Engineer: 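Here's a structure for you.
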There are 2 protein chains.
Amino acid sequence: MIGVAIDAQDVAALFGASRRESAPAYRRLKNVITEQIGTGRWPEGELLPSENQLVDSLGLSRMTINRALRELSSDGLLVRMPGVGTFVAERRSSSALYGVRNIAEEVSRRGRRHRTDVVFVREEPADRRAHRMFGIPEGSPIYHSRVVHFEDDSAIQLEDRHVHPDLAPEYLQQDFTERTPNDYLSRIAPLGKGEHIVEAVLGTAEDCASLGIDAAEPCLLIHRRTWSEGQLVSAARLLHPGSRFRLEGTFDSL
Amino acid sequence: MIGVAIDAQDVAALFGASRRESAPAYRRLKNVITEQIGTGRWPEGELLPSENQLVDSLGLSRMTINRALRELSSDGLLVRMPGVGTFVAERRSSSALYGVRNIAEEVSRRGRRHRTDVVFVREEPADRRAHRMFGIPEGSPIYHSRVVHFEDDSAIQLEDRHVHPDLAPEYLQQDFTERTPNDYLSRIAPLGKGEHIVEAVLGTAEDCASLGIDAAEPCLLIHRRTWSEGQLVSAARLLHPGSRFRLEGTFDSL
DNA sequence: GAGTGGTCTAGACCACCTT
DNA sequence: AGGTGGTCTAGACCACTCG
């Protein structure tokens, strides 16, 4: 066996300390486990106590334990194998295809910590490409931001974004460590239409340096444009290290 | 009151008819409800029978009913309100899922010529992974195909696919140069649910040789699984050279 | 007050994996 | 054989909504 098993008594201590919360027991147990995984105190592959051990140490019924573990498994934080045990899942980001909107939310939904590094936020003269896309005169000001999104301490997205200055006049004054650009934009400009293009590429040397990855690592590049009231609001280039990020989506026959 | 309530006896009839499935009860109940909503027989806003009514009509314990309804609620198909009832949710934003459906169609829609090379189509003993995914015994036969799709004369997709033998018994006899595996499967097994996972990777040496690309070229890898009637029909690994392929999609005011 | 969903218990049987 | 998770039961108490 690789990882040292987590002790049921440790879980009991953490769970006991959460008694102040008024949430239901299964919720509190989920919170405790999510926190341990999020902070890295329980590393990938670590074996959790069995359901029966937790029944004894936590004083809850097995159904309650089972619900907490089952939901965490369906959230992708744990991996359960019948006859074997419950393990901390490998940390590999994944986002709903149509959920590429709010990366901070996706990250925290997985019980991880989201952090943003701002590379720059500035006004620039529009080049020909911006002129064509946004329909503003060449040389007139346009906003340009570049930030890096972290999940815990690994970079998972380099966001390079151009924004129409008239539709988001306060853009330069925003603190993007507090609220992501996407967050801000979706608040001030009601989303009308969006477009995604996804491809596999290698990052430039600068991209790779920002993300802290090797130059040969394949990356997922998402071009994302959003319109509001028929006007292009924002065009973003979202670059994700292939080893740390993937897109997920489901569809129904509807 | 708006919607006419759904009768618990109707649910019982549908549930009884699903007895042939060997799935657990909560799963069958979820399938039955999903199907009714998917086909529109239960319109938006419709009131479902209460948990206690279903306990009586289905002969299941309330915990089992509750699990089915709770999970459907978390899946967004139902909306539950304590003290009020359970309702069919409003249609989910039909986030345009990327059109990975039929590559032959996509190619010819672009005015190019589509061609398929069959690498192999064969029966294999299921390994552990197949066993877990498809729920068939380890070592029992499973179908495995690998074909390369060309757009004009450049390879754009390596399709490696495993298929449940019971749900597509004639799979080995198909001529995939005439009709793609996807085409065939969607004809014989009505699509229920699908899942995509998209990531950026490097192909194996064999992959790159099949696609005629350099080993260092980033590729878009799509894992695609499709279910019919709650049973996994097919799991495919679709590998696209990054330089020759990208995914596009649009979405509307979600 | 009657009905709803939300939660929880203390058992149980099963298929599965490991030894 | 013994441990694991997967499922299920038949009860129970609660906060909530509605008439």
Side-chain angles (χ1 to χ4, degrees), chain A residues 1-2 5-6 8 15 19 21-31 33 46-74 77-89, chain B residues 1-3 5-6 8 15 18-19 21-31 33 46-74 77-89 126-140 230:
Chain A
M1 194 48 61
I2 310 281
I6 295 164
F15 183 75
R19 220 167 328 181
E21 300 175 41
S22 64
Y26 83 94
R27 248 279 137 231
R28 281 162 51 213
L29 180 53
K30 284 184 69 173
N31 290 345
I33 294 175
E46 195 86 341
L47 173 65
L48 271 73
S50 76
E51 296 192 350
N52 282 319
Q53 289 170 341
L54 290 174
V55 165
D56 293 340
S57 72
L58 303 188
L60 298 174
S61 99
R62 199 185 142 212
M63 278 299 279
T64 303
I65 309 278
N66 177 270
R67 175 167 175 189
L69 298 183
R70 172 162 37 84
E71 292 187 359
L72 286 169
S73 158
S74 118
L77 267 74
L78 299 178
V79 173
R80 318 198 75 195
M81 288 184 289
V84 182
T86 300
F87 304 85
V88 175
Chain B
M1 195 48 57
I2 312 282
I6 296 163
F15 183 76
S18 78
R19 219 166 327 185
E21 299 175 41
S22 62
Y26 83 93
R27 248 276 132 235
R28 282 161 51 210
L29 180 53
K30 283 184 68 173
N31 290 346
I33 295 175
E46 196 87 341
L47 173 65
L48 271 73
S50 77
E51 296 192 351
N52 281 319
Q53 289 170 340
L54 291 173
V55 165
D56 293 341
S57 71
L58 303 187
L60 297 174
S61 99
R62 197 184 144 215
M63 277 299 279
T64 303
I65 310 276
N66 177 269
R67 175 169 176 186
L69 298 183
R70 173 162 37 84
E71 292 188 358
L72 286 169
S73 160
S74 119
L77 268 74
L78 299 178
V79 173
R80 317 198 73 194
M81 287 183 291
V84 183
T86 300
F87 303 86
V88 175
D127 59 11
R128 180 158 311 183
R129 198 170 136 275
H131 149 62
R132 272 218 245 284
M133 279 206 307
F134 287 91
I136 62 179
E138 213 170 324
S140 75

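A, B, ... follow the sequence lines: proteins, then strands. Residue 1 opens every chain. Model, not experiment: these values are computed from the prediction.
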Engineer: Could you list the residues that satisfy side chain to side chain contact (heavy atoms under 4.5 Å, CB included) with A:Ser74, not counting sequence neighbours?
Structural biologist: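 With sequence neighbours excluded, A:Ser74 shows a side chain to side chain contact (heavy atoms under 4.5 Å, CB included) to no residue whatsoever.
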
Engineer: Could you tell me which residues satisfy side chain to side chain contact (heavy atoms under 4.5 Å, CB included) with B:Arg129, sequence neighbours excluded, listed by chain and number?
Structural biologist: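 Expected list: B:Asp127, B:Met133.
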
Engineer: Which atom pairs link the protein and nucleotides 9-11 of chain D when you take only N or O atoms and keep those under 3.5 Å?
Structural biologist:
unit_1 : atom_1 : unit_2  : atom_2 : d
D:dT9  : OP2    : B:Ser61 : N      : 2.7
D:dT9  : OP2    : B:Ser61 : OG     : 3.4
D:dT9  : OP2    : B:Thr64 : OG1    : 2.8

Engineer: Show the numbers, then the answer: is there a side chain to side chain contact (heavy atoms under 4.5 Å, CB included) between B:Leu78 and B:Leu69?
Structural biologist: CA-CA 7 Å; B:Leu78 299 178; B:Leu69 298 183; 3.8 Å; yes

Engineer: Examine the side chains of B:Thr86 and B:Arg80 and answer whether a donor and an acceptor come within less than 3.5 Å of each other.
Structural biologist: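 Result is yes, a qualifying pair exists.
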
Engineer: Go through the structure and list residues passing side chain to side chain contact (heavy atoms under 4.5 Å, CB included) with A:Glu71, not counting sequence neighbours.
Structural biologist: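 For A:Glu71 the side chain to side chain contact (heavy atoms under 4.5 Å, CB included) partners, ignoring immediate neighbours, are A:Tyr26, A:Lys30, A:Arg67, B:Arg70.
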
Engineer: For D:dC8, does either OP1 or OP2 sit under 4.0 Å from a side-chain N or O belonging to B:Tyr26?
Structural biologist: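 No, B:Tyr26 has no side-chain N/O under 4.0 Å of OP1/OP2 on D:dC8.
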
Engineer: Please report, rounded to the nearest Å, how far the P atom of D:dG3 is from the CG atom of A:Asp56.
Structural biologist: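 Atom CG in A:Asp56 sits about 12 Å away from atom P in D:dG3.
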
Engineer: Can you tell me the distance, in whole Å, between the CG atom of B:Leu69 and the C1' atom of C:dT4?
Structural biologist: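 The answer, rounded to whole Å, is 12 Å.
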
Engineer: Expressed in angstrom and rounded to an integer, what is the separation of A:Asn66 atom CG from C:dC14 atom C1'?
Structural biologist: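 In whole Å, C:dC14 C1' and A:Asn66 CG are 14 Å from each other.
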
Engineer: Rounded to whole Å, how long is the line connecting atom CG of A:Leu58 with atom C1' of C:dC8?
Structural biologist: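 In whole Å, C:dC8 C1' lies 14 Å from A:Leu58 CG.
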
Engineer: How close or far is atom P of C:dG6 from atom NZ of A:Lys30, stated in whole angstroms?
Structural biologist: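 The answer, rounded to whole Å, is 14 Å.
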
Engineer: Checking B:Ser18 now: which residues fulfil side chain to side chain contact (heavy atoms under 4.5 Å, CB included) with it, not counting sequence neighbours?
Structural biologist: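 Partners of B:Ser18 by the side chain to side chain contact (heavy atoms under 4.5 Å, CB included) criterion, ordered by chain and then number, come out as B:Phe15, B:Glu21, B:Arg28, B:Val32.
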
Engineer: To the nearest angstrom, how far is B:Met81 atom CE from C:dG3 atom C1'?
Structural biologist: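 Interatomic distance, CE of B:Met81 to C1' of C:dG3: 14 Å.
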
Engineer: Identify the heavy atoms of A:Ser57 and A:Ala8 that sit nearest to each other, and give their distance.
Structural biologist: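 Minimum heavy-atom separation between A:Ser57 and A:Ala8: OG-O, 3.3 Å.
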
Engineer: If the cut-off is 4.0 Å, is A:Arg67 near the phosphate of C:dT7, judged by side-chain N/O to OP1 or OP2?
Structural biologist: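 For C:dT7, OP1 or OP2 has a side-chain N or O of A:Arg67 closer than 4.0 Å.
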
Engineer: Which atom pair, heavy atoms only, marks the closest approach of A:Leu47 to A:Gly85?
Structural biologist: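 Minimum heavy-atom separation between A:Leu47 and A:Gly85: CD1-CA, 4.2 Å.
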
Engineer: Can you tell me how far P of D:dA12 sits from CD of B:Glu51, to the nearest Å?
Structural biologist: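 Rounded to the whole Å, the gap is 17 Å.
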
Engineer: From D:dG5, D:dT4, D:dC8, pick the nucleotide closest to the side chain of B:Pro24?
Structural biologist: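 The closest nucleotide is D:dC8.
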
Engineer: Considering only heavy atoms from C-beta outward, does the side chain of A:Leu48 approach that of A:Ile33 to under 4.5 Å?
Structural biologist: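 Yes, at least one pair of side-chain atoms sits under 4.5 Å.
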
Engineer: Less than 4.0 angstrom between a side-chain N/O of A:Arg80 and OP1 or OP2 of D:dG6, yes or no?
Structural biologist: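 True: A:Arg80 side-chain N/O within range (under 4.0 Å) of D:dG6 OP1/OP2.
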
Engineer: For nucleotides 15-19 of chain C, give me every protein contact, N/O to N/O, under 3.5 Å, one pair per line with atom names.
Structural biologist:
none

Engineer: Please give, in whole Å, the distance from C:dC8 P to A:Phe15 CZ?
Structural biologist: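 For the pair A:Phe15 CZ and C:dC8 P, the rounded distance is 8 Å.
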
Engineer: Starting at the 5' end of DNA chain C, which residue's closest nucleotide do you reach first, B:Arg70 or B:Asn52?
Structural biologist: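 The residue whose closest nucleotide sits nearer the 5' end is B:Asn52.
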
